[in-house]
Structure formats: C-alpha cells, structure tokens
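One structure is given here, and the rest of the page talks about it.
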There are 2 protein chains.
Amino acid sequence: MFELDLRSRSPVYEQLVEKIKDLIINNVLQPDEQLPAVRVLAGELTINPNTIQKAYRELEHRGYIYSVPGKGSFVKPAVAGDHDARLRALENELSRIISEMLYLGAYPADIITRIQTQLFKDKGGQPHD
Amino acid sequence: MFELDLRSRSPVYEQLVEKIKDLIINNVLQPDEQLPAVRVLAGELTINPNTIQKAYRELEHRGYIYSVPGKGSFVKPAVAGDHDARLRALENELSRIISEMLYLGAYPADIITRIQTQLFKDKGGQPHD
DNA sequence: TCAACCGTGCTATTAGTGATAGTACACATA
DNA sequence: TATGTGTACTATCACTAATAGCACGGTTGA
C-alpha cells in the first residue's frame with residue numbers, strides 16, 4: 001500500500017499522512033471506505049503501531065478521516081468546513097512556487113497547462129478554463 | 001531584516017534559509033550584494049552564530065550564495081547549473097497543489113491567473129502567455 | 001606590522017521529539 | 001465470550017536543533 005523512506009529527514013508519521021492524504025484526494029480511497037487497522041498496517045509496514053496511530057490522529061485532526069473506537073478508521077466523505085483556510089495556504093504555496101519558477105527563467109503558465117492536461121488525462125475530469 | 005518563529009516546529013536555520021532564499025528570488029537582495037556577517041546577524045536576531053552559519057552553509061550548498069573567508073558572504077549572481085532538478089521538484093509540488101485544489105472544488109486556472117497578475121503588478125515583469 | 005573583522009571548524013552540552021516497546025482499557029461485533 | 005478495533009499511557013533510545021565557547025586562517029585598512 002505504501003512505500004516509506006525510513007532514512008528520510010521527514011518523519012515516518014508525516015510521510016504516512018501525506019501518502020494517505022494523496023490517496024484520498026485522488027479518490028483511490030473512497031468516502032467511508034475503511035482504512036487498515038492500526039496494528040495491521042503497522043505489521044505490514046513493520047513499524048510501530050503508535051506511529052500509525054499518530055498519523056491517523058493527525059489525519060483526523062486535518063479532517064481527512066474519522067475514527068470510531070471499536071469499529072475502525074474511515075475516509076471522511078466531505079472534507080467540509082475549513083476549505084477556505086486550506087485554500088489560502090495552497091495559494092501561498094502556489095505563489096511562492098510561481099515566483100521561484102519565474103526566477104529560474106521558466107514559464108509557469110506553460111508548465112501549469114501541461115500539468116493540468118496531464119491530470120485531465122489521468123482522471124478524465126473536466127479542466128476549467 | 002527577518003522575523004523568526006522560535007517556537008515553530010520548523011528549525012530556525014531552515015526558516016532562515018527560506019527567508020533569505022525568498023529575498024534573493026524576489027530580487028530584494030541583489031547579485032553580489034553582501035549578506036550580513038554571521039556574528040552581526042546573530043546579534044540582531046539574538047540567536048547563535050552557529051545557527052546563522054548553518055543557514056549560510058545550506059544556502060551555499062543550494063547555490064544561492066557564495067562565501068569568501070575573510071571577506072564575507074554574497075548573493076550568487078546566476079544560480080547556474082542544476083536548474084533542471086529544481087524545476088522538476090517545483091513541478092511536482094505544483095502538480096500536488098493543483099490536485100488538492102481540484103479536490104477542494106477550486107479552479108486552479110483562475111487562482112493561478114490571479115497570482116500571476118499580482119506578481120506582475122508587484123514586480124513589473126512581463127507575464128508570459 | 002597589527003588590530004579588527006570575516007568565514008570556518010571543532011567540542012561539549014542541553015532540550016526536544018520521532019520512534020520504539022510494552023501494557024492496559026473501553027467499545028463493537030459475531 | 002472471544003476477537004478485533006481505537007485509544008491512552010509510561011519508559012526508553014536515538015537523533016538533532018540549538019546553544020556556548022574556543023580556535024584558526026584569510027582580508028583589510030590604519
């Protein structure tokens with residue numbers, strides 16, 4: 001399910017959060033689908049259950065999953081609520097990236113068009129223009 | 001010159017690297033301009049000189065500045081060389097951000113247009129289209 | 001020449017935290 | 001009741017960010 005880099009400077013639990021978040025965002029994990037149990041995933045990845053739990057706790061805090069004691073952890077259907085804050089954060093990242101691309105002499109508009117075309121191919125969505 | 005968050009999870013030297021990198025990218029610090037001496041900046045920010053040195057070393061390693069023992073540290077005129085690797089990394093970030101924006105129901109194209117217009121206003125550059 | 005300033009390198013120490021191991025408890029379900 | 005689930009807690013180890021302090025060599029100007 002995952003590939004982890006135990007030697008990375010980035011903490012394992014953080015890598016887990018990002019990977020699972022990506023799976024949710026890209027609809028690989030669908031709404032209300034059950035995530036692997038803490039101990040099971042820990043066994044598969046041969047890491048400590050506490051690390052998985054920390055990742056799940058963080059994902060729940062960020063609004064991507066919900067956990068039910070005695071039942072399991074599941075993908076949250078609508079990541080409702082604080083879309084605005086998240087969107088603002090993404091815009092800041094985007095602004096920084098575009099600035100750096102311009103500094104490097106690249107043409108962000110071209111690159112962005114290529115990326116969106118790629119995403120369109122992958123998922124069959126309708127690119128807004 | 002800077003504002004640091006000593007309580008941040010992000011290391012101080014890493015914050016320094018990012019801030020100075022932004023100043024260079026945005027042309028606030030111009031090519032061959034001398035950066036504050038390690039001990040001076042440490043004094044202003046009331047942090048340890050070693051922390052500044054670590055940030056400068058990292059910036060030199062990333063190709064944003066160059067240091068001359070006995071003289072000082074300066075902004076590297078052309079961040080030559082590994083533009084390609086950096087650009088690929090930026091494209092990956094961009095792809096991830098656009099995916100997440102789409103997931104959040106936003107229209108990345110609109111947002112990007114707005115950001116570029118903003119950058120155009122700020123710096124008077126010519127946006128490529 | 002010499003004092004002042006510069007980057008650089010090193011050791012040692014402290015504080016914080018990621019990750020592990022192990023145990024325990026409460027809830028859900030067959 | 002037995003099993004599987006999330007959750008909570010303590011303790012320990014390892015790594016590292018950050019600090020303090022010292023030393024060295026190159027540069028510059030008086």
Side-chain angles (χ1 to χ4, degrees), chain A residues 1-21 24 29 31-77, chain B residues 1-21 24 29 31-77:
Chain A
M1 187 178 188
F2 301 112
E3 296 169 9
L4 293 177
D5 181 9
L6 299 180
R7 299 171 190 170
S8 169
R9 330 111 203 108
S10 164
V12 171
Y13 86 93
E14 195 65 39
Q15 292 181 46
L16 273 169
V17 168
E18 290 304 313
K19 301 257 184 190
I20 295 175
K21 195 191 74 176
I24 293 175
L29 293 176
D32 287 318
E33 180 175 344
Q34 183 167 4
L35 295 166
V38 168
R39 293 173 183 78
V40 171
L41 188 53
E44 287 181 3
L45 300 176
T46 59
I47 59 178
N48 198 281
N50 290 333
T51 306
I52 308 289
Q53 193 203 344
K54 190 170 186 178
Y56 280 11
R57 193 190 311 145
E58 181 63 23
L59 281 165
E60 184 167 22
H61 179 256
R62 295 192 194 176
Y64 288 100
I65 71 174
Y66 62 95
S67 296
V68 184
K71 298 194 70 174
S73 297
F74 307 86
V75 175
K76 202 166 178 178
Chain B
M1 188 175 186
F2 301 113
E3 296 170 9
L4 294 177
D5 181 8
L6 299 179
R7 299 172 189 170
S8 169
R9 332 106 202 112
S10 163
V12 171
Y13 85 92
E14 195 66 38
Q15 293 182 46
L16 272 169
V17 168
E18 291 305 313
K19 300 257 184 189
I20 296 175
K21 195 191 73 176
I24 293 175
L29 293 177
D32 288 318
E33 181 174 344
Q34 183 168 3
L35 295 166
V38 169
R39 293 174 182 80
V40 172
L41 188 53
E44 288 181 1
L45 300 176
T46 58
I47 59 179
N48 197 280
N50 289 333
T51 306
I52 309 288
Q53 193 202 345
K54 190 169 186 180
Y56 279 12
R57 193 192 309 144
E58 181 64 23
L59 281 165
E60 185 167 22
H61 179 257
R62 295 193 194 175
Y64 287 100
I65 71 175
Y66 63 95
S67 296
V68 184
K71 297 194 70 175
S73 298
F74 307 86
V75 176
K76 202 166 180 177

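Each chain gets a letter, A, B and so on, in the order its sequence line appears, and its residues count up from 1.
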(message) I need the CD-P distance between A/Q34 and C/dA28, as an integer number of Å.
(response) 15 Å
(request) Answer yes when B/E58 and B/K54 have at least one side-chain N-carboxylate O distance shorter than 4.0 Å, and no when they do not. (result) no
(message) At less than 3.5 Å, do the side-chain atoms of B/N48 and the base atoms of D/dG21 form a donor-acceptor pair?
(response) no
(request) Would you kindly give the CD-to-P distance between A/E14 and C/dA19, to the nearest whole Å? (result) 9 Å
(request) Let me know the distance between OH of A/Y56 and C1' of D/dT7, rounded to the nearest Å. (result) 14 Å
(message) So, does B/K71 get its side chain near the phosphate of D/dT28, meaning an N or O under 4.0 Å from OP1 or OP2?
(response) yes
(request) Drop me the distance from B/L4's CG to B/T51's OG1, to the nearest 0.5 angstrom. (result) 10.0 Å
(request) Rounded to the nearest angstrom, tell me the gap between atom NZ in B/K54 and atom C1' in C/dG7. (result) 17 Å
(request) For A/Y13 and for B/P69, find the nucleotide of DNA chain C with the closest heavy atom, then tell me which residue's nucleotide is more 5'. (result) B/P69
(request) Using a cut-off of strictly less than 4.0 Å, decide whether B/T51 has a side-chain nitrogen or oxygen near OP1 or OP2 of D/dA17. (result) no
(request) Take the protein atom CG of B/N50 and the nucleotide atom P of D/dA23, then report the distance between them rounded to whole Å. (result) 15 Å
(request) Mind calculating the distance between CZ (A/R9) and P (D/dA17) to the nearest angstrom? (result) 12 Å
(request) Quickly work out the A/R57 CZ to C/dA19 P distance and round it to whole Å. (result) 13 Å
(request) Consider the side chain of B/A37, meaning its heavy atoms from C-beta on, and name the nucleotide among D/dA18, C/dA19, C/dG7 that approaches it most closely. (result) C/dG7
(message) Just to verify, which of B/L59, B/L29, B/V17 counts as forming a side-chain contact (heavy atoms from CB on, under 4.5 Å) with B/Y64?
(response) B/L59
(message) Can you measure A/Q53 atom CD to C/dG22 atom P for me and round it to whole angstrom units?
(response) 17 Å
(message) Any donor-acceptor pair, under 3.5 Å, between the side chain of A/R39 and the base of D/dG4, if you only look at N and O atoms?
(response) no
(message) Measuring to OP1 and OP2 of C/dT8, would you say a side-chain N or O of B/S67 lies under 4.0 angstrom away?
(response) yes
(request) Determine yes or no for a side-chain-to-main-chain donor-acceptor pair under 3.5 angstrom, with A/Q15 supplying the side chain and A/S10 the backbone. (result) yes
(message) Over all strands shown, is B/E60 touching base, sugar-phosphate only, or nothing at heavy-atom distances under 4.0 angstrom?
(response) sugar-phosphate
(message) Between B/E14 and B/K21, does any NZ, NE, NH1 or NH2 come within less than 4.0 Å of an OD or OE carboxylate oxygen?
(response) no
(message) Return whichever of A/S73 or B/Q15 has its heavy-atom-nearest nucleotide of DNA chain D closer to the 5' end.
(response) A/S73
